[in-house]
Number of protein chains: 2
Amino acid sequence: MQNRLTIKDIARLSGVGKSTVSRVLNNESGVSERTRERVEAVMRQQGFSPSRSARAMRGQSDKVVAIIVTRLDSLSENLAVQTMLPCLYEQGYDPIMMESQFSPARVEEHLRILRQRNIDGVILFGFTGIDEALLAPWRSMLVLMARDAAGFTSVCYDDEGAIQILMQRLYQQGHRHISYLGVPHSDVTTGMRRHHAYLAFCDAHHLTPHAVLPGLAMKQGYERVADVLHDDTTALVCATDTLAIGASKFLQQHHAKPIQLASVGNTPLLKFLHPEIITVDPGYAEAGRQAALQLIAQINQSSDPQQIVIPSSLI
Amino acid sequence: MQNRLTIKDIARLSGVGKSTVSRVLNNESGVSERTRERVEAVMRQQGFSPSRSARAMRGQSDKVVAIIVTRLDSLSENLAVQTMLPCLYEQGYDPIMMESQFSPARVEEHLRILRQRNIDGVILFGFTGIDEALLAPWRSMLVLMARDAAGFTSVCYDDEGAIQILMQRLYQQGHRHISYLGVPHSDVTTGMRRHHAYLAFCDAHHLTPHAVLPGLAMKQGYERVADVLHDDTTALVCATDTLAIGASKFLQQHHAKPIQLASVGNTPLLKFLHPEIITVDPGYAEAGRQAALQLIAQINQSSDPQQIVIPSSLI
DNA sequence: CTGTTAGCGCCTTCAC
DNA sequence: GTGAAGGCGCTAACAG
């Protein structure tokens, strides 16, 4: 498996000096067309690839980034990561994966490890409780997902827009008693912003809001959805697909009267289990792509930190 | 973010030579207790951590392994990866993630990339269609998951045992008309072995087998389960949790008569959706741990390739 | 026990 | 345009 050949070998084989090979390798100017072609031919034919470690040591980056997801089995994060990976590989970056399991301590621990590795950048899926002070040293090479923080690059979903689209749609369909199943405000984006958007819509359209904010888990949706179902309720908006799955299970078991569900997520699982649910795609795939590209841009110093918002779209 | 200090700095600060620092760093013998402590103190106090790239260049191993999953959102693979990661980190290995999406071409492409990176090892989740010839060069540093191949290290589930446990249990409960929903034989482990175990049990207990083998997807389970449901069917064994979810959906919609479901998987999702299903845990967590440990052992040349089978257990 | 000396593979002056 | 020389941070012989 060893990469036995070095630029020295290539140099010898193509009858030039090491530096010329190096120049060709880095696409530097100042090499005659003929020489360049000859060297490239030898490299190709020998299947040469330069040693990452050696380059890294010489001060370049080792082209490694970390992706810290909350959970490996998060439906939404999976969709974003799925598009990140190809973007990163395309640019020659290797993504190493870590799982925070919603534990700030684990994030801290992971960042500690990463600092030692002198990694190029980090994509971190945010959640409640992360200490921003911890992230400060990474400011220039960190992309925060699904959460924003002043001075940091972030890729967020259009929380308000997503809920608004859903409510609008339900309203158009004639629903006037729409309940809401969400996440506590300690979660600023998925929790507070989406809930506020729901309240705002209700207010603007003179609807009576009925909301409960149990949390992110299916089980929590299942156990608490009953609290917002009244006799006149005809529709229910869920802050996430995961909650919607929980709610659906409850409705199937306990509720004869049909309730129109709507949720933000567009995950394949929900799509399969309950295609009848109205869904908004928060643009997970696009978010993944943007995050990867933005991180690389910042690593290359060709972009400054900025906050990106991905538009939602009705399916 | 840069690790400005080098062993040279540490050497100067603690009044010793570079090599002594290096010795301390690698826990080599032949350093007096006093010196070692002094150097360690300086390192700690300076928050020193050696440059990976430099070590890699000298030593060969950059302590990076790849995990190639079929899909980021595979319920079972997630469970295995979840235990792998901590094992790998503990030993100082960084895991980079890749997704094959069941495409042999992608596996080939990924391995090509990995070869250039002169990576230390690979954990590959197997599936139908992978060309073993491609894996040959990796033999000594590859762990194949959920599939075995002669001469390769593999971590497999006890397919026969899992099905047998399920059948046994159903039989004990009095079921005599047990159908089977599985995966085509082109998939040797999840497909053929589990199916054969089903047939063997039926044969041994004089039951009439009714099986259909649509594939791995929920949708396939949903669409084909009807084909094995007869008037006298009282139980259904599914080769995977994913299929069971598909089947459950169908049963909920179309089947008044209760059917006892059983499946191998023990994934949290199924557990939540249908806790009443009888489940066998193929030991995903244990498989992940074993795979990580075995790979590391092989990298350290302290173990030869071997085939590991994880025992199943009834929940 | 410890310091000195060579490189590992690559990039970067600096001469030619 | 091109090659030779030096050094990145570390480890691995050597000497002392």
Side-chain angles (χ1 to χ4, degrees), chain A residues 1-43 46-64 92 115-120 300, chain B residues 1-43 46-64 92 115-120 300:
Chain A
M1 221 61 264
Q2 268 71 297
N3 240 335
R4 279 301 51 132
L5 300 83
T6 76
I7 51 168
K8 206 160 114 192
D9 300 315
I10 302 298
R12 192 171 28 75
L13 288 171
S14 43
V16 301
K18 292 190 304 175
S19 3
T20 303
V21 177
S22 176
R23 287 187 184 103
V24 171
L25 213 50
N26 301 328
N27 276 315
E28 278 175 29
S29 60
V31 181
S32 75
E33 216 29 61
R34 287 193 48 236
T35 316
R36 155 161 284 133
E37 277 170 15
R38 193 147 40 87
V39 174
E40 277 174 346
V42 174
M43 295 200 305
Q46 298 291 333
F48 168 79
S49 65
S51 147
R52 280 169 93 59
S53 351
R55 313 189 93 174
M57 205 180 73
R58 265 309 301 183
Q60 323 251 117
S61 70
D62 13 7
K63 294 257 215 174
V64 176
R115 188 158 29 79
Q116 301 184 187
R117 308 289 150 104
N118 143 265
I119 225 141
D120 293 302
N300 298 334
Chain B
M1 222 58 262
Q2 270 72 294
N3 238 332
R4 279 300 51 132
L5 299 82
T6 76
I7 52 169
K8 207 160 113 191
D9 300 315
I10 302 299
R12 191 169 31 73
L13 288 171
S14 43
V16 300
K18 291 193 306 175
S19 15
T20 303
V21 178
S22 176
R23 287 186 185 104
V24 172
L25 214 51
N26 300 319
N27 275 315
E28 279 175 28
S29 60
V31 182
S32 77
E33 211 35 54
R34 286 193 49 237
T35 316
R36 155 160 284 134
E37 277 171 15
R38 192 147 40 87
V39 174
E40 278 174 344
V42 174
M43 296 201 304
Q46 300 290 333
F48 168 79
S49 68
S51 146
R52 297 195 114 238
S53 353
R55 314 188 91 175
M57 202 176 81
R58 213 66 217 90
Q60 298 302 24
S61 146
D62 15 8
K63 293 260 213 175
V64 175
R115 188 159 27 78
Q116 300 184 188
R117 309 287 150 107
N118 137 268
I119 224 139
D120 293 302
N300 299 333

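Order of the sequence lines fixes the chain letters, A, B, ..., with proteins taken first and strands second; residue numbering starts at 1 for each chain. Worth saying up front: this structure is predicted, and the values here are computed from it rather than measured.
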Rounded distance (nearest 0.5 Å) linking atom CD of A:Glu33 with atom CZ of A:Arg38
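Atom-to-atom, A:Glu33:CD and A:Arg38:CZ are 12.0 Å apart.
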Distance between P atoms of D:dG6 and C:dT5 (Å, rounded):
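Rounded to whole Å, the distance is 15 Å.
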With side chains defined as the heavy atoms from C-beta onward, is the minimum distance between A:Val24 and A:Met43 less than 4.5 Å?
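They are in contact (side-chain heavy atoms under 4.5 Å apart), so the answer is yes.
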Report yes if the side chains of B:Ile7 and B:Phe48 come closer than 4.5 Å at any heavy-atom pair, otherwise no.
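They are in side-chain contact.
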Phosphate OP1/OP2 of [N] contacted by [X] side-chain N/O (<4.0 Å):
{"X": "B:Thr20", "N": "C:dT2", "value": "no"}
{"X": "B:Arg23", "N": "C:dC1", "value": "no"}
{"X": "A:Ser32", "N": "D:dT2", "value": "yes"}
{"X": "A:Ser22", "N": "C:dC11", "value": "yes"}

Side chain of [X] only, please: which of [options] is the nearest?
{"X": "A:Arg58", "options": "D:dC10, C:dG3, C:dC10", "answer": "C:dC10"}
{"X": "B:Arg55", "options": "C:dC10, C:dT2, D:dT11", "answer": "D:dT11"}
{"X": "B:Ser19", "options": "D:dA12, C:dC11, D:dG9", "answer": "D:dA12"}
{"X": "A:Met57", "options": "D:dG9, D:dT2, C:dC10", "answer": "D:dG9"}
{"X": "B:Leu25", "options": "D:dG3, C:dC10, D:dT11", "answer": "D:dT11"}

Tell me whether [X] contacts the main-chain N or O of [Y] through its side chain, where contact means a donor paired with an acceptor under 3.5 Å.
{"X": "A:Asp120", "Y": "A:Ser61", "answer": "no"}
{"X": "B:Ser14", "Y": "B:Val16", "answer": "no"}
{"X": "A:Arg55", "Y": "A:Asp62", "answer": "no"}

Using a 4.0 Å heavy-atom cut-off across all strands, classify B:Ser53 as base, sugar-phosphate, or nothing.
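No contact.
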Considering every strand and a 4.0 Å limit on heavy-atom distances, what is the contact class for B:Val16: base, sugar-phosphate, or nothing?
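Sugar-phosphate, backbone atoms only, no base.
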[X] [atom1] to [N] [atom2], straight-line distance once rounded to whole Å:
{"X": "B:Lys8", "N": "C:dT2", "atom1": "NZ", "atom2": "P", "answer": "21 Å"}
{"X": "A:Arg36", "N": "D:dT2", "atom1": "CZ", "atom2": "C1'", "answer": "13 Å"}
{"X": "A:Asn118", "N": "D:dG9", "atom1": "CG", "atom2": "P", "answer": "11 Å"}
{"X": "B:Ile10", "N": "D:dT11", "atom1": "CD1", "atom2": "C1'", "answer": "17 Å"}
{"X": "A:Asn27", "N": "C:dT12", "atom1": "CG", "atom2": "C1'", "answer": "17 Å"}
{"X": "A:Glu28", "N": "D:dT2", "atom1": "CD", "atom2": "P", "answer": "13 Å"}
{"X": "A:Asp62", "N": "D:dC10", "atom1": "CG", "atom2": "C1'", "answer": "15 Å"}
{"X": "B:Phe48", "N": "D:dG9", "atom1": "CZ", "atom2": "P", "answer": "10 Å"}

Comparing B:Lys18 and A:Ile7 on DNA chain C - which has the more 5′ nearest nucleotide:
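Final value for this comparison: B:Lys18.
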